[in-house]
Participant: 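Take a look at the following structure, please.
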Amino acid sequence: MTQDARDQEHENTQPSDTSASGESPQQTSGSDDAVGNEDLATAFLRETEVVEEAVEDGKRIRRKGIYLLPNLFTTSALFSGFFAVVAGINGEFTSAAVAIFIAMVLDGLDGRVARMTNTQSEFGAEYDSLADMISFGMAPALVAFTWILQDIGKTGWVVAFLYVACAALRLARFNVQIGSVDKKWFIGLPSPSAAALVAASVWTFHSFDADAFGFKLLMLVVVGAAGILMVSNIRYYSFKDLDFKKPVPFVVLLAVVLGFVMISVEPSVMLLLLFAAYVCSGPVLAVMRKAKPKR
């Protein structure tokens, strides 16, 4: 047998890659890609997972993941704040004001839902604070600026920025004071109430086509005063000590019904009067406390 013949016979007797492995090279490559993709997904989930320390039954534990239900309300409030900004840019100021009020309602629900379902977390608190900065800090200032403050020039955007900065400072101070102040009172005007005052002013004055110079100065004062009151040391009643589980006189329910009727007749005006009264209550009570003779 010649050398060429022996080489040909040796090649014919070698097992092929397919028969040895039981699968084609394409199948092997596909399996490797699948394993690689699975590893990438697992690594992504591991690296993006939220891990926080919590105290349960007196023991400190490390908890993974977040609670969905309260954070859904926070996300909805954040969306409402962002929608208010977009609506203001598009000149839809009534829709922008209504969106801020919707964000206010949702912001009040997320904390209560978390307490009712025992799903409080540090992540939820931080997320809520950041959402508040958009909904009650950035959104009211931008809506007021795009509506009327931009007509005043540099003074208008400076006052709008003052409001945004004060809202950020107010939220930061509130976060570090949790647990160290009386829950019955807020130190400084709460940011949702400040946003409600600005939104109600825009809603009311825009509905009446109030674009005179006097209204521009009035909005300048409203936005600036709301910002300064947020970082002041004036106390505002928080309504957190009200017990809704106790029975109340029938006249209380009647007053609530009449309140809803009055708001539905002229929502913008009634909401403006309501929150203006709350904003003024802080300075008025402070003056009354100082004027009260000491015993």
Side-chain angles (χ1 to χ4, degrees), residues 48-52 54 63 65-90 92-93 95-146 160-179 181 183 186-200 202-203 223 226-227 229-231 236 238-240 271 275 278-279:
T48 58
E49 186 61 271
V50 175
V51 181
E52 61 178 324
R63 183 171 56 201
I66 60 174
Y67 294 112
L68 182 61
L69 185 58
N71 289 310
L72 282 178
F73 284 93
T74 305
T75 303
S76 300
L78 176 62
F79 175 80
S80 297
F82 179 76
F83 178 84
V85 173
V86 175
I89 293 174
N90 293 330
E92 301 173 359
F93 300 108
S95 299
V98 172
I100 292 175
F101 279 103
I102 293 175
M104 184 178 177
V105 173
L106 294 171
D107 178 69
L109 289 176
D110 60 0
R112 286 171 174 78
V113 169
R115 288 189 292 270
M116 291 173 58
T117 57
N118 195 26
T119 53
Q120 304 99 316
S121 66
E122 289 295 328
F123 175 86
E126 295 298 329
Y127 185 33
D128 178 70
S129 182
L130 293 172
D132 289 351
M133 182 58 208
I134 299 297
S135 300
F136 310 131
M138 186 69 70
L142 287 178
V143 170
F145 177 78
T146 54
F161 171 74
L162 173 68
Y163 178 92
V164 174
C166 289
L169 294 171
R170 168 70 177 83
L171 291 168
R173 185 178 67 176
F174 176 79
N175 290 340
V176 301
Q177 287 181 341
I178 293 178
V181 296
K183 292 184 178 180
F186 290 121
I187 305 301
L189 179 65
S191 57
S193 299
L197 176 65
V198 175
V202 173
W203 189 1
V223 175
L229 286 173
M230 281 192 286
V231 295
Y236 283 87
S238 66
F239 301 99
K240 291 184 178 181
L271 288 172
F275 284 100
Y278 180 73
V279 170

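Throughout, residue positions are numbered sequentially from 1 according to the sequence presented.
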Participant: Counting only N and O atoms by type, is there a donor-acceptor contact under 3.5 Å from the side chain of Thr146 to the main-chain atoms of Leu142?
Facilitator: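 Yes; judged by distance alone, with no hydrogens or angles, the pair exists.
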Participant: Within the distance-only criterion (no hydrogens, no angle test), does the side chain of Arg173 pair as donor or acceptor with the backbone N or O of Val231 below 3.5 angstrom?
Facilitator: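 Yes.
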Participant: Between Tyr236 and Val279 (side chain of the first, backbone of the second, donor and acceptor by atom type, cut-off under 3.5 Å), is there such a pair?
Facilitator: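 Yes, Tyr236 side chain to Val279 backbone: donor-acceptor pair under 3.5 Å.
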Participant: Is Thr119 reaching over with its side chain to a backbone N or O of Arg115, donor-acceptor style, under 3.5 angstrom?
Facilitator: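 Checked: no pair found.
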Participant: Does Ala77 offer a backbone N or O that forms a donor-acceptor pair with the side chain of Ser135 under 3.5 Å?
Facilitator: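 Here the side-chain-to-backbone pair exists.
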Participant: Determine whether Phe73 and Asp107 satisfy the following criterion, side chain to side chain contact (heavy atoms under 4.5 Å, CB included), listing intermediate values before the conclusion.
Facilitator: CA-CA 7 Å; Phe73 284 93; Asp107 178 69; over 6 Å; no
Participant: With no hydrogens and no angle check, just 3.5 Å: does a side-chain donor-acceptor pair link Ser191 and Asp132?
Facilitator: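 No, Asp132 and Ser191 have no side-chain donor paired with an acceptor closer than 3.5 Å.
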Participant: At what distance, to the nearest 0.5 angstrom, does CG of Asp128 lie from CG of Asn175?
Facilitator: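 One finds 8.5 Å between CG of Asp128 and CG of Asn175.
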Participant: Nearest 0.5 angstrom please: Met116 CE to Leu109 CG, how far?
Facilitator: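 Between atom CE of Met116 and atom CG of Leu109 there are 10.0 Å.
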Participant: So for atom OH, which belongs to Tyr127, do other residues, nucleotides or ligands contribute more than 12 heavy atoms lying within a distance under 6.0 Å?
Facilitator: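 Yes - once you tally the heavy atoms of other residues, nucleotides and ligands closer than 6.0 Å, there are more than 12.
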Participant: Atom OH of residue position Tyr278 - does it have more than 12 heavy atoms of other residues, nucleotides or ligands inside 6.0 Å?
Facilitator: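 Atom OH in Tyr278 is crowded, with more than 12 foreign heavy atoms closer than 6.0 Å.
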Participant: Taking side chain to side chain contact (heavy atoms under 4.5 Å, CB included) as the definition, give me every residue that meets it alongside Ala141, ordered by chain and number, with sequence neighbours left out.
Facilitator: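 Ala141 satisfies side chain to side chain contact (heavy atoms under 4.5 Å, CB included) with Ala160, Tyr163, Val164 once adjacent residues are dropped.
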Participant: How close do Ala195 and Pro140 get, heavy atom to heavy atom, and via which atoms?
Facilitator: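 Heavy atoms of Ala195 and Pro140 come nearest at CB-CG, 3.4 Å.
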Participant: In Å, rounded to the nearest 0.5 Å, how long is the span from OG of Ser193 to CZ of Phe136?
Facilitator: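 So the OG of Ser193 and the CZ of Phe136 are separated by 9.0 Å.
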Participant: To the nearest 0.5 Å, what is the distance between CG on Leu271 and CZ on Phe101?
Facilitator: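 Leu271 CG to Phe101 CZ: 4.5 Å, rounded to 0.5 Å.
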Participant: Answer yes or no: is there a donor N or O on one side and an acceptor on the other, between the side chain of Asn90 and the main chain of Val86, under 3.5 Å?
Facilitator: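 Checking the backbone N and O of Val86 against the side chain of Asn90, a donor-acceptor pair under 3.5 Å is found.
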Participant: Determine the minimum heavy-atom distance between Gly188 and Arg170, stating which atoms define it.
Facilitator: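 Reported closest heavy-atom pair: O-NH2, 3.7 Å.
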